[in-house]
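Have a look at the structure below, then the notes.
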Protein chains: 2
Amino acid sequence: MKSVSNVAAFRPAIASVSQRSQFDIVIRKLRSFDHVADEDVSVLASAVSGTRSFDTCASIVTPGKTPPHISALLEGWAGRYKILRNGARQITALYLPGDFIDLHSFLPTKTDDGVIAFSGCKTAQVSHESLQQITETEPRLTRLLWRSTLAAAATHREWLTIMGQMSAGAGTAHLICELYTRLKAVRLADNHRFCCPITQLTLADTLGLSTVHLNRSIQALRAKNLIQWHRDKVTITDWDQLVDWGEFDPTYLQMNEPVG
Amino acid sequence: MKSVSNVAAFRPAIASVSQRSQFDIVIRKLRSFDHVADEDVSVLASAVSGTRSFDTCASIVTPGKTPPHISALLEGWAGRYKILRNGARQITALYLPGDFIDLHSFLPTKTDDGVIAFSGCKTAQVSHESLQQITETEPRLTRLLWRSTLAAAATHREWLTIMGQMSAGAGTAHLICELYTRLKAVRLADNHRFCCPITQLTLADTLGLSTVHLNRSIQALRAKNLIQWHRDKVTITDWDQLVDWGEFDPTYLQMNEPVG
DNA sequence: CGGAGTATTGAGTGACATCAACGCGCGTGG
DNA sequence: CCACGCGCGTTGATGTCACTCAATACTCCG
């Protein structure tokens, strides 16, 4: 666990034009699931009360504390994690731009896990009250938001399969396919290339591997000419084989458009 | 994968008195999360269109097929699973009496996993249309159902932590604690004893272990005098130590009452 | 130019998997 | 009632994937 300097910049409560256009990424994400009515877009966008910025390694949600609002990620990568007594850390979710981070927190749920920024991040906030109101008056939008939490749960199940049954190499391939597919859905990746701002340590904690072994798994993928990985630039040089090796089937991501 | 003889017994669509009392277990489960209004109980119970019975090893949801209705488990244990090319099976969820099995299926989600009965099971059905209607007119009940899917997601994250970071023995201890706690919440367990109708093979596929190693993990727990396990009867002889060894914190189960 | 963080490599160890055999309880059929 | 077979639990021997420890490179940054 790194230091936790939370550089939060509160904005005025009235959604500005620029704020709204930043929020587009969230709409793009929701549209990747299904058609979204313009009216629902308006309702959701106007529910945003402000944005916050986080430095790398800043704590977005502190373990054990229920945040006073729900957040959607506008920029950067973040992740949910849990720490065990021996210091081991498991990343249980990776949040990419457009993802809701803790949509579940508006229901009086308790969690003992935290959310950390893996790169510089910006989030948009919606108050619990606003979301509660949406569930009262906007059933269609409510179903859409519910659905986005269900897609997250399906991703959890896929990761369970990776960790329980797949080899380190296959799991790594699978995760790379997932990240590319999710980024592409919000137009942050294309041509089998994407920017991966997180370290191998983070990826290792996600896959339940040691950094050493993850590194060797990545190198095995390189040796097979399936990927290139230089600093934070990842290029998938053989998508079909990577998909095959990782047994990646994007069905669980619930997207309505094909991948390529 | 065993044979799949689906002995389904359809009942008339009008909920009978006995059917309604069977459905009580689902209400008990929902009440374990939060207070449930009597009106919501009525609405939900009247949405039940019938029950079905399944033999051990019967397929409750066939992989790849979207079921025409959603199901809640009234009796028996079931589980969601995914099979890989090499035949490896990962159990991604264990369903106990009172749990909704595929509450997510009413939203047009696709899944390539299946649900299988681990013991004789009975389910109650609610049509997608009824559930859709509930989301239109019953926001409070909708939030409650949403919440139950969020608790399932939190359980997935806990299992990710088990599989990624915990030893086989600690993970086994954790799962035993979880099962007892969940069963106790619906009054199917007490006094640190419960009936576990599933085989070690199933538990091993849940924890991502081989049967041999799971068996040795269980025996280690026995040797420490933490549990007794004879046929399908499990007795936790030292709850505090089992909780400690498995680092079990029931927070993620979202229950509003203490455990003991 | 030094230092911190990250990536990479090597060597040794350990946890868990695999393979194989045996016991045990239970249901079934003779 | 017993013989048989099947599913499941248990045990031992052996193999291997991934972890740990440790050291070295690379890159960025001050």
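We use all heavy atoms of the structure for the numbers below, so side chains are in, but hydrogens, waters and symmetry mates are not. Note that this is a predicted model, so its numbers are computed, not measured. Reminder, nothing fancy here: chain letters follow the sequence lines and each chain counts from 1.
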So A:L179 and A:L96, side chain to side chain contact (heavy atoms under 4.5 Å, CB included) or not? Walk me through it.
-> CA-CA 9 Å; A:L179 291 174; A:L96 309 183; 4.2 Å; yes

Going 5' to 3' along nucleotides 14-23 of chain D, which nucleotides have protein heavy atoms under 4.0 Å from the base (write B), which only from the sugar-phosphate (write S), and which from neither (write -)?
-> ----BSBB--

Is a salt bridge present between B:R157 and A:D112, judged by a nitrogen-to-oxygen distance below 4.0 Å?
-> no

A:D113, A:D102, A:T92 screened by side-chain hydrogen bond (donor to acceptor under 3.5 Å, both in side chains) with A:R80, the one that passes = A:D113

Rounded distance (Å) that lies between atom C1' of D:dC8 and atom CH2 of B:W229 = 13 Å

Nearest-angstrom distance from the residue atom CD1 of B:I218 to C1' of D:dT11 = 15 Å

Send over the distance from B:D205 CG to D:dG9 C1', rounded to a whole Å.
-> 15 Å

Do other residues, nucleotides or ligands put more than 12 heavy atoms under 6.0 Å from B:N191 CG?
-> no

Find out whether B:V26 and B:V186 are in side-chain contact, i.e. whether some heavy atom of one side chain is under 4.5 Å from a heavy atom of the other.
-> no

A correct 5'-to-3' footprint of nucleotides 25-30 of chain D, with B, S and - meaning base, sugar-phosphate only and no protein heavy atom under 4.0 Å, is --SS--

Could you check how far NZ of A:K233 sits from P of C:dA7, rounded to whole Å?
-> 15 Å

Between A:R182 and A:D99, is there a salt bridge with N-O shorter than 4.0 Å?
-> yes

Looking at B:N215, does any N or O in its side chain come under 4.0 Å of the phosphate oxygens OP1/OP2 on D:dG9?
-> no

Considering only D:dT10, C:dA7, D:dG9, which nucleotide approaches the side chain of B:Q219 most closely?
-> D:dT10

Is there a side chain to side chain contact (heavy atoms under 4.5 Å, CB included) between A:R89 and A:L201 once you walk through the steps?
-> CA-CA 10 Å; A:R89 178 180 71 161; A:L201 171 61; 4.3 Å; yes

Are any of the side-chain heavy atoms of A:L74 and A:T123 separated by less than 4.5 Å?
-> no

